[in-house]
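Just so you know, these numbers come straight off a predicted model, no measurement behind them. As the structure lists them, so they are numbered: ligands from 1, and atoms in each ligand from 1.
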Amino acid sequence: MSAKQVLIVEDEKPIREMIAFGLKRAGFEVREAEDCRSARALLVDRRPDLMLVDWMLPDMSGLELTRALKRDRETREVPVIMLTARSEEGDKIAGLDGGADDYVTKPFSPRELLARINAVLRRVAPAPEGERIDFDGLALDQASHRVLVGEQTVPLGPTEYRMLEFFMTHPERVYTRDQLLDRIWGGNVYVEERTIDVHIRRLRKALEDFGYDRFIQTVRGSGYRFSVRTV
Ligand code: CA
């Protein structure tokens with residue numbers, strides 16, 4: 001397997017170089033950008049496997065860049081870890097709601113950063129086709145198109161199944177209604193965004209009997225996320 005590529009977007013050269021050094025030593029391929037403009041230029045050449053985005057950048061905030069990346073069809077699947085000197089809880093939530101997959105507060109050790117990177121890469125790795133995926137006892141069996149809790153099948157309509165399948169193969173990330181429509185119904189179908197809310201409600205209702213409705217989380221102002229963590 002070829003080396004995973006990380007794009008670092010950080011204007012402070014010593015920090016950028018320190019991160020790049022640590023990542024190269026850990027076997028990653030590294031590209032560096034000092035602002036959002038050069039990051040976007042690099043993204044045109046090749047989509048990285050992950051991006052580290054500093055919050056405070058000279059031309060645009062890292063949060064704005066992350067939002068823009070997550071809106072763009074070409075880049076929205078690229079996981080983003082935000083780097084920041086801020087540590088307030090509100091900023092962390094803003095970062096995650098903006099589409100960041102994780103958040104590392106400066107100063108951090110290279111080891112900590114590496115652990116976070118590996119965790120995010122594991123999380124976003126697509127599950128092989130047909131595999132059984134399990135989250136705390138809620139199991140998706142793609143071979144039989146069923147969702148199981150122990151021996152019991154969770155009764156789901158075809159759309160709720162597709163929705164849950166999408167969520168369970170793309171966990172811990174926020175998707176807007178628009179993105180969900182695109183990914184679950186396909187881009188060409190005309191479906192109103194509120195349709196999503198109807199199916200989310202049905203899906204939660206079906207999961208509620210098994211105590212798993214908490215996994216389908218509403219992210220205020222953004223969309224929905226499948227997460228085993230409580231916010
Ligand atoms: Ca900075």
Note to self: Between Asp178 and Arg71, does any side-chain N to carboxylate O distance fall below 4.0 Å?
What the structure shows: no
Margin query: Whether the side chain of Gln179 engages the backbone of Lys70 through a donor-acceptor N/O pair (distance < 3.5 Å, no angle test) should be reported.
Written below: yes
Item checked: Salt-bridge contact Asp197-Arg204 (side-chain N to carboxylate O under 4.0 Å) -> no
Next item on the list: Without swapping roles, check the side chain of Arg31 against the backbone of Leu42 for a donor-acceptor pair under 3.5 Å.
Entry: yes
Margin query: For a quick test of reading the model, state the closest non-hydrogen atom pair linking Tyr175 to Glu77 and the distance between them.
Written below: OH-OE1, 4.1 Å
Next item on the list: Report, as yes or no, whether the 6.0 Å neighbourhood of atom CZ on Arg37 holds more than 12 heavy atoms from other residues, nucleotides or ligands.
Entry: no
Margin query: With 3.0 Å as the limit, count the protein N, O or S atoms near the Ca ion (ligand 1).
Written below: 3
